[in-house]
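Have a look at the structure below before the remarks.
Naming convention: chains lettered A, B, ... in sequence-line order (proteins, then strands); numbering from 1 in each chain. These numbers come from the heavy atoms of this one structure, side chains and all, not from hydrogens, waters or symmetry mates.
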There are 2 protein chains.
Amino acid sequence: MPARNTKQKEAIRAALESAGRPLTADEVLARAKSAVSGLGAATVYRNLRTLLDESWLAEVQLPGEVTRYELSGKGHHHHFHCRLCGQVFELPACRGDFPALAPKGFEVTGHEVILYGYCPGCAPPPRRPRA
Amino acid sequence: MPARNTKQKEAIRAALESAGRPLTADEVLARAKSAVSGLGAATVYRNLRTLLDESWLAEVQLPGEVTRYELSGKGHHHHFHCRLCGQVFELPACRGDFPALAPKGFEVTGHEVILYGYCPGCAPPPRRPRA
DNA sequence: ATAGGTGCAAACAGTTTGCATGTAT
DNA sequence: ATACATGCAAACTGTTTGCACCTAT
């Protein structure tokens, strides 16, 4: 009868639940460490893997970025990556006819969209020095 | 007076020019190695960096994938990633009102779109066993 | 001749895994 | 009691860097 309830796993779940946005493994480690001081990175990675397998988590992979993790069950959506603070946010909806973007001969089965810019906490961005 | 003309750099350029699609550093190494047998990975990475700095190349970063490199100067476009052979292809156009996808308070300055599916060489994909 | 380039190996970051110990059940 | 989980350290992948040697200019 697998799947035990350890304080480590509990802390990792809590970190992700309270974040409100996708977290990296390092961010999970940092947040969960304050609840379980001796927590090791391997334990975080193992639990993230387990939570993915349980479909409790979903991976958020952005170009050139380390993998982030968010709570699953949110339905089809995409992400916004703040160019200033680096945080990643969920976008609410997904519209658009993406299969139409592919040339003849390509069969489109899925798509990914990432928006870049400045999040509410960072906008407006620094202007170039006014003349 | 920097920037010499070595056979290594020449082979790396040729590999990318003849590929017709974005290549990984490993793919560049493999292709360029047939022209310059002793070629080392570090040399490939250093030249890729240089060619990026010269804007002769552009990075192609897809979620969860190693960086690929394509010739620059192609204008704004996106990519198609084949789920079967793993190759990456350029898509011709980019249409759509992406800024409209962001909630209030977010300032959108750019976007990325990746289509997934089966390329002409791989489509149609394997069907699930017919009943 | 000499600055810049190359190749090897060591160093890195992020992630995974082996193993002895710890602990929830 | 015992199977699963943890923590450390070693291994791994992709990439970068230090350094002695090589080569295009």
Review point. Do A/Glu65 and A/His79 meet the criterion of a side-chain donor-acceptor pair at a distance under 3.5 Å?
Key: no
Practice item. Calculate the interatomic distance between A/Leu29 atom CG and D/dT6 atom P; express it in whole Å. Key: 13 Å
Check your understanding: Do A/Tyr69 and A/Leu39 share a hydrophobic cluster, counting only Ile, Leu, Val, Met, Phe, Trp and Tyr and linking them when any side-chain heavy atoms are less than 4.5 Å apart?
Key -> yes
**Study point:** Given DNA chain D, 5'-ward residue of the pair B/Val66 and B/Thr6, judged by closest heavy atom
**Key:** B/Val66
Check your understanding: Does a side-chain N-to-carboxylate-O contact under 4.0 Å join B/Glu54 and B/Arg49?
Key -> no
Point to revise | Distance, rounded to the nearest Å, where B/Leu39 contributes CG and C/dC8 contributes P | key: 9 Å
Review point. Taking OH from B/Tyr45 and P from C/dA9, how many angstroms apart are they, rounded to a whole number?
Key: 17 Å
Review point. Going through the distances and angles, do B/Val60 and B/Leu62 end up as a side chain to side chain contact (heavy atoms under 4.5 Å, CB included)?
Key: CA-CA 6 Å; B/Val60 178; B/Leu62 304 189; 4.1 Å; yes
Practice item. Check if the side chain of B/Arg49 and the base of C/dG5 share a donor-acceptor pair of N or O atoms closer than 3.5 Å. Key: no
Practice item. Measure distances between side-chain N and O atoms of A/Arg46 and base N and O atoms of D/dA5, and say whether any donor-acceptor pair falls under 3.5 Å. Key: no
Review point. Do B/Leu29 and B/Arg31 come close enough that some side-chain heavy atom pair is under 4.5 Å?
Key: no
Point to revise | Whole-Å distance separating the CD atom of B/Glu65 from the P atom of D/dT13 | key: 16 Å
Check your understanding: Taking atom types as they are modelled, is there a donor-acceptor pair under 3.5 Å from the base of C/dG5 to the side chain of B/Arg4?
Key -> no
Exercise for review: Calculate the interatomic distance between B/Asn47 atom CG and D/dA24 atom C1'; express it in whole Å.
Suggested key: 14 Å
Exercise for review: Pick base, sugar-phosphate or nothing for B/Thr24, based on heavy-atom distances below 4.0 Å to the nucleic acid.
Suggested key: nothing
Point to revise | Nearest-angstrom distance from the residue atom CG of A/Asp53 to P of D/dA5 | key: 12 Å
Point to revise | Out of C/dC19, D/dA9, C/dG14, whichever nucleotide has its closest atom nearest the side chain of A/Ala42 | key: D/dA9
Point to revise | For atom CD1 of A/Ile12 and atom P of D/dT6, their distance in whole Å | key: 7 Å
**Study point:** Phosphate OP1/OP2 of D/dA5: any A/Thr43 side-chain N/O under 4.0 Å
**Key:** no
Exercise for review: Send over the distance from A/Gln8 CD to C/dA24 P, rounded to a whole Å.
Suggested key: 8 Å
